[in-house]
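Working notes, beginning with the structure itself.
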Amino acid sequence: MLSLFSADIAVDLGTANTLIYMKGKGIVLNEPSIVAFDSTTKKIVAIGREAQAMVGRTHRDIQTIRPMKDGVIADFEIAEGMLRALIKKVHPSWLPSRRIVISVPSGITEVEKRAVRDSAEHAGAKEVHLIAEPMAAAIGIGLDVEAPVGNIIIDIGGGTTEIAVIALSGIVNQESIRVAGDELTLAVMQFFKRNYNILIGERTAELIKCQVGSAMPLEEELMVEVKGRDLVAGIPKTIEVSSVEVRDALADPVNAIVEAVKVSLERTPPELSADILDRGMMLSGGGALLKGLDERLKLETNLPVHIADDPLTAVVRGTGKVLENLSHYMKVLIKSRRY
Ligand code: ADP
Ligand code: MG
C-alpha cells in the first residue's frame with residue numbers, strides 16, 4: 001500500500017479569526033473567519049482576507065457571512081466549506097490531514113461539539129480532538145496547567161468572553177458571556193448613529209475601536225477622523241471625535257466583561273483564590289488589546305493582571321502544543337461522545 005504524506009494540524013476556529021498550526025511547522029494560516037458566497041448558486045466565492053475586503057461592499061448576488069457566531073457554528077454548511085477551503089490553502093497537495101486538534105468554547109453543548117467534530121471530519125480528518133479554548137490559551141501562554149495551582153484565564157474574542165479557572169489539567173469553573181469584540185464594535189456604530197446621525201460601516205467601527213477605544217482614561221486622549229454617511233443629508237461626511245467619547249460608547253459592554261470576571265472570581269474555591277491572588281489573571285484574545293482593559297480589571301479586582309504575549313495567537317499556539325504532544329495532553333482534551 002502506498003503510504004501517503006499527511007500533515008496533522010491544530011485549528012483555532014474563532015468567531016473573528018481562524019488560525020491553523022501545522023505539526024512541525026508552526027502557525028501557517030491566520031485569516032478572518034469570513035465567507036463570501038453567491039446567493040443564487042450557493043457557491044463560495046472568497047474566504048478569509050479576500051472575503052473580508054468585500055464586507056459591506058457586496059451587491060445583490062454576493063453575500064458575506066461569518067459562519068461562527070457567538071463562538072459556535074451558526075451556519076453549518078458554510079462553516080464546513082470555510083474550514084475545508086482554509087485547510088486546502090495550507091495543504092495544497094489535497095491530502096487529508098489525519099489528525100486535527102480543534103479548540104472550542106468551554107461552554108458549548110454536546111450538539112455544538114458534534115457539529116465542530118463533523119465539520120472537521122468532513123474536511124478530511126480521520127481523528128479529531130477537541131480542546132476548550134481557555135485551556136488551549138493557558139497552554140499557549142506557557143502556564144503549567146497540570147500543577148495543583150489555580151490560574152485564571154480571560155479570553156476575549158469576537159463573539160464570546162470566556163473566563164476559566166484552571167488547575168490539575170481541568171477547568172474548575174468557567175463563565176462564558178456573549179459580549180466581546182463584536183459587541184464593542186457594535187457599540188461604536190450605535191454611538192455614531194445616535195449622537196452624530198452618521199452611519200458607519202462595521203470595518204470602520206472596528207478600526208476606531210482598535211485605534212482609540214479604551215476602558216480607562218488615557219494618559220493622552222486621542223482624536224480620530226471618522227468617515228460615514230450623514231443620515232439626514234444622505235451624503236458622505238467626515239467628523240472628528242475624541243477617545244473620551246469612544247470610551248463612553250464602549251462603557252456598557254466593557255462593564256459587562258468586568259462584571260463577568262467578578263462573578264467568576266466569587267465562584268472560585270478559596271484555595272484557588274489564594275493562588276490567583278498571587279499569580280493574577282491572564283488576558284488573551286484580541287479583546288485583551290483594548291487600551292486600559294488590563295488596568296481597569298486591576299482596579300476593579302485588586303489582582304495583578306497580565307496580557308499574554310501576542311494574545312491573538314495564544315489559543316492556536318496552545319492547540320498546536322497539544323497536537324505536538326498528544327499523549328502528554330490526553331487529560332486536557334475534551335471527551336466528546338460519538339454517536
Ligand atoms: P476569535 O477568537 O473570536 O476569533 P480573536 O481572539 O481573534 O477572536 O479577537 C478578535 C477580536 O479582537 C475582534 O473583535 C477585534 O476587533 C478585537 N481586537 C483586535 N485587536 C484589537 C485592539 N487593538 N483593540 C481592541 N480590540 C481588538
Ligand atoms: Mg478565540
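Counting convention: from 1, in listed order, for ligands and their atoms alike.
For ligand 1, the atoms sitting less than 4.0 Å from at least one non-hydrogen atom of Leu312 are 5 (P), 6 (O), 7 (O), 9 (O), numbered in the order shown with element in parentheses. Applying the 4.0 Å criterion to heavy atoms of Leu290 picks out, from ligand 1, the atoms 24 (N), 25 (C). For ligand 1 and Gly285, the ligand atoms under 4.0 Å from any heavy atom of the residue are 6 (O). Using a 4.0 Å cut-off to heavy atoms of Gly158, the atoms of ligand 1 that qualify are 1 (P), 3 (O), 8 (O), 14 (O).
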#### Entry: Derivation of the side chain to side chain contact (heavy atoms under 4.5 Å, CB included) call for Ile152 and Leu272
CA-CA 9 Å; Ile152 184 163; Leu272 297 176; over 6 Å; no
### Task
Would you please test Glu221 and Ser243 for side-chain hydrogen bond (donor to acceptor under 3.5 Å, both in side chains) and show each step?
CA-CA 6 Å; Glu221 296 294 350; Ser243 48; 2.6 Å; yes
### Step-by-step side-chain hydrogen bond (donor to acceptor under 3.5 Å, both in side chains) determination, Ser39 to Asp61
CA-CA 5 Å; Ser39 34; Asp61 297 334; 4.9 Å; no
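For ligand 1, one of its N or O atoms has an N or O atom of Gly286 under 3.5 Å away. Looking at ligand 1, you won't find any N or O of Asp12 less than 3.5 Å from one of its N or O atoms. Annotation: Thr185 places no N or O atom under 3.5 Å from an N or O atom of ligand 1; distance criterion only. For Ala16, a nitrogen or oxygen atom sits less than 3.5 Å from a nitrogen or oxygen atom of ligand 1, counting backbone and side chain alike. The shortest N/O to N/O separation between Gly157 and ligand 1 does not fall below 3.5 Å.
A donor-acceptor pair under 3.5 Å links the side-chain atoms of Arg57 to the main chain of Ala53, judged by distance alone. For the pair Glu80 (side chain) and Glu77 (backbone), a donor-acceptor distance under 3.5 Å is absent.
Using a 3.5 Å distance cut-off with no hydrogens or angles, the side chains of Thr160 and Arg178 do not pair a donor with an acceptor. Checked by atom type, the side-chain pair Ser33/Thr18 shows a donor-acceptor distance below 3.5 Å.
In terms of protein heavy-atom proximity, atom 3 (O) of ligand 1 is closest to Thr15 OG1, 2.5 Å. Protein heavy atom at the shortest distance from atom 23 (N) of ligand 1 is Leu289 CB, 3.4 Å. When only non-hydrogen protein atoms are considered, atom 7 (O) of ligand 1 lies nearest to Asn17 ND2, 2.7 Å. For atom 13 (C) of ligand 1, the nearest protein heavy atom (residue, atom name, distance) is Glu206 OE2, 3.8 Å. What sits closest to atom 21 (C) of ligand 1 on the protein, heavy atoms only, is Cys210 SG, 3.4 Å.
Of all the heavy atoms of Asp155, none lies under 4.0 Å from any atom of ligand 1, so neither backbone nor side chain is involved.
Around the CD atom of Glu202, the shell of radius 6.0 Å holds no more than 12 heavy atoms that belong to other residues, nucleotides or ligands.
Assignment of Gly287 to the shell around ligand 1 is supported, since a heavy atom sits closer than 4.0 Å.
Ion pairing of Lys23 with Glu324 is absent here, as no side-chain N (NZ or NE/NH1/NH2) approaches a carboxylate O to less than 4.0 Å.
Every residue two or more places apart in sequence or in another chain was checked for a side-chain hydrogen bond (donor to acceptor under 3.5 Å, both in side chains) with Glu183, and none qualifies.
In this structure, of Gly14, Pro311, Ala215, the residue bringing a heavy atom nearest to atom 2 (O) of ligand 1 is Gly14.
Looking at Leu184 and Val179, their side chains never come closer than 4.5 Å, going by heavy atoms from C-beta outward.
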